[in-house]
Amino acid sequence: MFDINKLRNIGIAAHIDSGKTTLSERILFFTGKIHQIIEVRDKSGAGPTMDSMDLEREKGITIQSAATYAEWKDFNINLIDTPGHIDFTVEVERSLRVLDGTVLVLCGVAGVQSQTITVERQMRRYSVPKITFINKVDRSGANPDKVVTQLREKLSQRPVLITMPIGMEEEFEGVIDLLKMKAIYYEGDNGEIIREADIPAGLLDEAKERRMEIIETLSDFDDVIAEKFLGEEEITMEELIPVIRKHTIALHITPVYIGTAKRNKGIQTLLDAVTMFLPCPLDKQNETLDLNNNEARVALETDPDKPLCALAFKLEDGRYGQLTYMRVYQGKITKGDFIYNSKNGKKTKVARLVRMHASEMHDIEEAVAGDIIATFGIECSSGDTFTDGTQNYSMSSMYVPNPVIELSISPKEKTKQANFSKALNRFQKEDPTFRVKIDPESNETIISGMGELHLEIYIERIKREYATEIIVGRPKVAYRETITQKIEYNYTHKKQSGGSGQFARVAGYIEPIPAEENLEYQFVDKIVGGVISREYIPAVDKGFKEQMEEGFLIGQKIVNVRCVLNDGSIHTVDSSEMAFKIAGKQALKEAMAKAKPTILEPIMKLETSAPEEFQGVVIGQINQRRGIIVNTTSDSGYAVVEAEVPLSEMFGYSNDLRSMTQGKGEFTMEFLKYMQVPRSVQENIIEEYKKLNQK
């Protein structure tokens, strides 16, 4: 019988190049899922198991999160390896939405980097407990203590170091388990033979001191440990483990393990920690909204006998049609069952259930509460909730960031138009951060996404998977427009042309919405005394919304505007919904002209690292790109420069950085906020827009 207490749904997340995929590959090897280790940058082109897409193997990065399952001792582990590159952040987001626990991987040299902070923020959003694995401690410059300090200072965690190194860098031999107080060595060709021994005499005092630090941290949360600690009594491993588990799940502490995935040291100890400290599905409280009861919150029970509630969190177009990844939160799904999509009420028969092992599928007959599985032939979107039809539940969806970069694309040959459309429809469905629209003026197809690499990957996939060559326009920044002052409006729409005419008068004011309210648009109805009939008020709102989409200065979406309607008048014969929609649209257009409109541009958080001798030129280059330096630090001969830079100035930065640092510089960039563009830059943008539209 399946024991849910022995199930772990975990993800592996980190900053790019911290060794997530290498660690996943080792986990699969040590759990017996694979029998040969393949490195991320393997020269044969084979590539690691979890990077099954050709593009991933060529570029040596993870693009899509990959799911697999494994067994460790008598535990079942569902594992998701997520991308580290910020452009694919939605893959991390959707994985964390359904996982119970995570292994956060940090590089023993670089420590906490910009993307680590983003991943940490995502984990907090979904209250996901974590274990931290400090990887690459065999590399020159590795310093686990520095990384632990960064966890405390940069991520506000309470790290608890459970293993300490025996030797460092090239001399790294194994670890000391501070709970067992034993030295652990990983021997054999691939570190598969674990040898426990006494702690080397030279490290015994340090190990005792570090064990005392664990007890001291835990005494802040547990009275029994605190009493024994103050009474200087011996505390056993059996007493420590349940306390560490309890407070890891409660997000009070983070157990920290060290090792090197590439040299196969520390992985089995980490797997033991996953089973000891990360939650099983029963330990997490999940909720859904009851659509039949005013969206009242309902607690879900991880019980196969309760009514079904499952969430579709990821879609892929596979060889056999749409593959839908699902997390079953309550109840069970059996092959042949009918399940209902809460969003559209559609009933679908489950023809095939599979467990995923990267790109391989292993058929199963049944999935129960707590499981992560995939199914075929189910028409749905990412974030849809499925039930057995007895309830009408909807699980809250995940956070999806807005795209910041746009490109116009078209197929080289007209005969490939059908393939082109098919690809765009599929990718939009699979990835909520990939958007497609048709420019009404130029009739161009515009794709938008999270960064240059994000769009580049999709263009490459259209070429490869749909045999369609693509013509690509220049990248464009997704600007926004807004207003800077409150303005009243009073607009009358009147049209007489034989027969019934059109009449609508709307009055009120528009004002900027402060950034802290986090609202792009708000319509406020303050009509009293029936000066405008109730039936026409939604039409005014619709008119405002249409104008918001069309923009005013450069045809970009208007944001952060509150439109208040407080007066107006109607004509008993000539007023209509259409008339009020047009009036709303024109009223906003007129008011925008007087409300000191301005353009907002996306500002990126940039982190550049390069050898210290290049620090001056790196800072100079960032300043030239209208960047503001936020912080600079030096570590192990490398300078790390943190800055805030407009996205419009960042095109071509990777080539410039490579040439000015002799190929040694690296950078990561992620969206931070929208800010007003300087007046001179705004004039240039408007000028450019006018020129393009005159053609």
message: Please determine whether salt bridge (Lys or Arg N to Asp or Glu O under 4.0 Å) holds for the pair E687 and K691, giving the CA-CA distance in whole Å, both sets of side-chain angles, and the decisive distance to 0.1 Å.
response: CA-CA 6 Å; E687 207 54 49; K691 268 187 211 161; 6.0 Å; no
Under a 4.0 Å N-O cut-off, is there an ion pair linking [X] with [Y]?
{"X": "D363", "Y": "R355", "result": "no"}
{"X": "K542", "Y": "E577", "result": "no"}
{"X": "E670", "Y": "R121", "result": "yes"}

- prompt: How far apart are the C-alpha atoms of Q682 and T598, what are their side-chain angles, what is the distance that settles it, and do they pass the side chain to side chain donor-acceptor pair (under 3.5 Å) test?
  reply: CA-CA 8 Å; Q682 175 158 318; T598 186; 3.0 Å; yes
field: Geometric cation-pi criterion, R327 with Y329: 6.0 Å, 45°
entry: yes
query: Quick one: does NZ or CZ of R97 land under 6.0 Å from the six-membered ring centre of F313, within 45 degrees of the ring axis?
result: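 The answer is no, since R97 fails at least one limit relative to F313.
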If only atom types and distance count, is the side chain of [X] paired as donor or acceptor with the main-chain N or O of [Y] below 3.5 Å?
{"X": "Q417", "Y": "S421", "answer": "no"}
{"X": "S659", "Y": "N655", "answer": "yes"}
{"X": "T433", "Y": "P403", "answer": "no"}
{"X": "Q391", "Y": "P307", "answer": "no"}
{"X": "E481", "Y": "F552", "answer": "yes"}
{"X": "T375", "Y": "R352", "answer": "yes"}
{"X": "N392", "Y": "L291", "answer": "no"}

message: If we check side-chain contact (heavy atoms from CB on, under 4.5 Å) with V561, which of these qualifies: I513, I483, L519?
response: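 Passing option: I483.
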field: The single option from T385, D388, N286 passing side-chain contact (heavy atoms from CB on, under 4.5 Å) against C309
entry: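 Answer after filtering T385, D388, N286: T385.
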query: Quick check: are there more than 12 heavy atoms from other residues, nucleotides or ligands sitting under 6.0 Å from NZ of K429?
result: yes
query: In this structure, are over 12 heavy atoms from other groups packed under 6.0 Å from E287 atom CD?
result: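 Check passes, neighbour count above 12.
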Quick one: pull up [atom1] in [X] and [atom2] in [Y] and give me the separation to the nearest 0.5 Å.
{"X": "M395", "Y": "Q330", "atom1": "CE", "atom2": "CD", "value": "9.5 Å"}
{"X": "I582", "Y": "S576", "atom1": "CD1", "atom2": "OG", "value": "7.5 Å"}
{"X": "D371", "Y": "N78", "atom1": "CG", "atom2": "CG", "value": "6.0 Å"}
{"X": "K605", "Y": "I117", "atom1": "NZ", "atom2": "CD1", "value": "4.5 Å"}
{"X": "S408", "Y": "N443", "atom1": "OG", "atom2": "CG", "value": "12.0 Å"}
{"X": "N292", "Y": "S394", "atom1": "CG", "atom2": "OG", "value": "11.5 Å"}

- request: Start with the C-alpha distance between T334 and E366, add both sets of side-chain angles, then the distance that settles side chain to side chain donor-acceptor pair (under 3.5 Å), and finish with yes or no.
  value: CA-CA 4 Å; T334 307; E366 185 179 75; 3.2 Å; yes
Would you say [X] and [Y] make side-chain contact, with heavy atoms under 4.5 Å?
{"X": "P411", "Y": "T468", "value": "yes"}
{"X": "R625", "Y": "M650", "value": "yes"}
{"X": "L424", "Y": "I409", "value": "yes"}
{"X": "L96", "Y": "T102", "value": "yes"}
{"X": "E452", "Y": "I405", "value": "yes"}
{"X": "V354", "Y": "I364", "value": "no"}
{"X": "D541", "Y": "Y521", "value": "yes"}
{"X": "Y479", "Y": "S648", "value": "yes"}

message: Applying salt bridge (Lys or Arg N to Asp or Glu O under 4.0 Å) to R426 and E465, what does each step give before you reach the verdict?
response: CA-CA 11 Å; R426 171 194 159 188; E465 295 171 34; 2.9 Å; yes
- request: For residues A374 and L323, report the shortest heavy-atom separation together with the two atoms involved.
  value: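 Nearest heavy atoms, A374 then L323: CB-CD1, 3.6 Å.
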- prompt: Which pairs pass salt bridge (Lys or Arg N to Asp or Glu O under 4.0 Å) with one or both residues in residues 578-592, sequence neighbours excluded?
  reply: E546-K581, E546-K585, E550-K585
field: Contacts of D337 that satisfy salt bridge (Lys or Arg N to Asp or Glu O under 4.0 Å) - sequence neighbours left out
entry: none
query: side chain to side chain donor-acceptor pair (under 3.5 Å) between Y674 and N560: does it pass, once the steps are laid out?
result: CA-CA 11 Å; Y674 270 97; N560 308 347; over 6 Å; no
field: Ring centers of Y340, F386 separated by less than 6.0 Å
entry: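 Between Y340 and F386, the centre distance exceeds or equals 6.0 Å.
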task: State yes or no: are the ring centers of H493 and F580 separated by less than 6.0 Å?
output: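 That pair fails the under 6.0 Å test.
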message: Under the criterion salt bridge (Lys or Arg N to Asp or Glu O under 4.0 Å), I'd like the reasoning laid out for K673 against E601: C-alpha separation, chi angles, the key distance, then a yes or no.
response: CA-CA 8 Å; K673 60 189 173 186; E601 64 179 344; over 6 Å; no
task: Give the intermediate values and the outcome of ring pair (Phe, Tyr, Trp, His ring centres under 6.0 Å) for residues F420 and Y466.
output: CA-CA 7 Å; F420 178 69; Y466 290 86; 10.0 Å; no
query: What's the verdict on salt bridge (Lys or Arg N to Asp or Glu O under 4.0 Å) for E406 and R435, showing C-alpha distance, side-chain angles and the deciding distance?
result: CA-CA 9 Å; E406 297 178 343; R435 317 263 172 96; over 6 Å; no
message: Can you tell me how the ring of F667 sits relative to the ring of Y653, calling it parallel under 30°, perpendicular over 60° and tilted otherwise?
response: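 Ring orientation of F667 relative to Y653: perpendicular.
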